[in-house]
Amino acid sequence: MNDADEMNNHLLFYKFSMINEILDQRNKKQNPEMKSITKGQGRLIVFLKRKDKISTRELSEILNISVTSLNETLNKLEQKNFIRKVPSKKDKRVLLVELTEEGRGIEFKDHKDIDIFDSLSKEEKENLNDYLNRLILNIHDKFRKEEPEKYEKIIKNRKEIFERYFKDDKHHEEWVKLITCK
């Protein structure tokens with residue numbers, strides 16, 4: 001890679017980071033009730049709204065975070081009375097996570113900045129989507145090459161969990177494609 005390519009890579013990475021930061025700040029401004037909820041906590045609540053009573057192990061695999069990090073987030077949500085952990089009826093050693101009424105009552109408003117893409121033509125949007133897909137596939141390929149056993153295990157486990165819990169979801173096939181990168 002030459003110096004110009006490396007400089008472009010740095011600039012693009014910085015711009016993606018800047019867009020993410022700006023959108024995150026605007027989202028919190030547009031949804032003031034979300035200021036007390038971190039991005040990770042919100043991601044977890046959104047997932048549990050789709051399917052709760054799921055084990056902590058499965059949640060960590062689906063969300064691709066360590067059980068330790070997940071438990072830290074769950075403990076904070078539990079302190080806010082948004083979730084509770086209940087023992088599984090099948091195996092008391094397994095904790096299932098479910099939303100409380102208060103947790104179910106949290107509303108995530110649609111992001112008002114979704115119109116940022118209106119400045120692009122239909123063709124530009126399609127191209128951007130293709131470029132982003134290539135970037136995602138490239139990141140997955142790097143991970144697959146660096147740690148093939150771990151990568152395959154994660155993909156297999158995620159797919160099995162999605163099959164078990166979301167096979168009737170109308171977006172099931174799209175989710176499976178997304179998690180398996182196919």
Side-chain angles (χ1 to χ4, degrees), residues 1 4-52 54 56 58-85 97-143 154 158 162 166 169-171 174-175 177-179 181:
M1 179 183 328
D5 283 343
E6 188 170 343
M7 177 57 92
N8 278 333
N9 285 352
H10 282 283
L11 285 171
L12 288 168
F13 192 87
Y14 174 75
K15 287 176 183 180
F16 271 106
S17 298
M18 192 166 71
I19 288 169
N20 185 47
E21 185 179 317
I22 291 167
L23 291 176
D24 188 46
Q25 289 172 1
R26 286 185 50 80
N27 189 39
K28 286 190 177 194
K29 185 178 179 182
Q30 293 165 0
N31 298 296
E33 65 279 5
M34 301 310 292
K35 284 188 179 176
S36 67
I37 298 174
T38 66
K39 210 184 295 189
Q41 291 170 353
R43 181 177 170 214
L44 188 54
I45 291 169
V46 165
F47 185 83
L48 290 170
K49 280 182 169 245
R50 291 187 70 209
K51 175 66 181 160
D52 68 354
I54 188 167
T56 53
E58 291 172 321
L59 275 172
S60 77
E61 289 179 11
I62 289 170
L63 299 172
N64 196 27
I65 57 175
S66 71
V67 174
T68 305
S69 294
L70 174 66
N71 282 326
E72 186 178 314
T73 302
L74 290 173
N75 290 338
K76 289 176 182 173
L77 289 173
E78 198 170 32
Q79 289 170 359
K80 294 176 184 179
N81 196 36
F82 293 147
I83 62 112
R84 72 179 139 257
K85 298 177 224 163
V97 180
E98 65 181 15
L99 288 170
T100 61
E101 286 305 312
E102 196 169 336
R104 287 188 197 293
I106 296 173
E107 285 190 44
F108 293 93
K109 298 175 185 165
D110 286 340
H111 210 296
K112 293 180 181 175
D113 290 315
I114 198 164
D115 65 351
I116 63 169
F117 301 105
D118 290 349
S119 64
L120 303 175
S121 69
K122 181 181 179 201
E123 182 181 346
E124 289 170 327
K125 288 177 194 179
E126 290 169 357
N127 287 339
L128 178 59
N129 188 47
D130 289 342
Y131 300 149
L132 293 173
N133 283 339
R134 282 194 351 221
L135 292 173
I136 291 167
L137 287 172
N138 184 310
I139 292 168
H140 272 266
D141 284 343
K142 281 184 177 188
F143 179 35
I154 289 171
R158 281 182 171 180
F162 268 82
F166 300 105
D169 186 295
K170 66 180 180 178
H171 300 293
E174 293 164 40
W175 278 102
K177 283 181 190 174
L178 191 61
I179 62 166
C181 280

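- Using a 4.5 Å heavy-atom cutoff, the side chains of V97 and L59 are in contact.
- Residues E78 and L74 are not in side-chain contact: their nearest non-hydrogen atoms beyond the backbone lie 4.5 Å or more apart.
- Legend: residues meeting side chain to side chain donor-acceptor pair (under 3.5 Å) with N129, ordered by chain and number and at least two apart, are absent.
- In summary, the side chains of N20 and K15 do not present any donor paired with an acceptor at a separation below 3.5 Å, with no hydrogens or angles considered.
- Salt-bridge annotation for R84 and E98: present, with a side-chain N of the basic residue lying under 4.0 Å from a carboxylate O of the acidic one.
- Residues meeting the side chain to side chain donor-acceptor pair (under 3.5 Å) test with N127, sequence neighbours left out: none.
- Between L128 and E124, the closest side-chain pair of non-hydrogen atoms is not below 4.5 Å.
- In this structure N71 satisfies the side chain to side chain donor-acceptor pair (under 3.5 Å) test with no other residue, sequence neighbours excluded.
- Side-chain atoms of K85 and N75, non-hydrogen and from C-beta on, do get closer than 4.5 Å to each other.
- No side-chain heavy atom of F82 sits under 4.5 Å from any side-chain heavy atom of L48.
- The stretch residues 62-72 participates, sequence neighbours left out, in these salt bridge (charged side-chain N to carboxylate O under 4.0 Å, His left out) pairs: E72-K76.
- Annotation: side chain of Q41 is in contact with side chain of K80 (closest heavy-atom distance under 4.5 Å).
- Listed by chain and residue number, nothing satisfies the ring-ring contact (aromatic ring centres under 6.0 Å, His included) test with F117 (two or more places apart in sequence, or in another chain).
- Pairs passing the salt bridge (charged side-chain N to carboxylate O under 4.0 Å, His left out) check and including a residue from residues 131-141, sequence neighbours excluded, read D141-R144.
- For the atom pair CG (L99) and NZ (K49), the distance works out to 7.0 Å, reported to the nearest 0.5 Å.
- Residue K51 holds its NZ atom at 9.5 Å from CD of E58, rounded to the nearest 0.5 Å.
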| Would F47 and D52 count as a side chain to side chain contact (heavy atoms under 4.5 Å, CB included) if you check the C-alpha gap in whole Å, the side-chain angles of each, and the deciding distance to 0.1 Å? | CA-CA 8 Å; F47 185 83; D52 68 354; over 6 Å; no
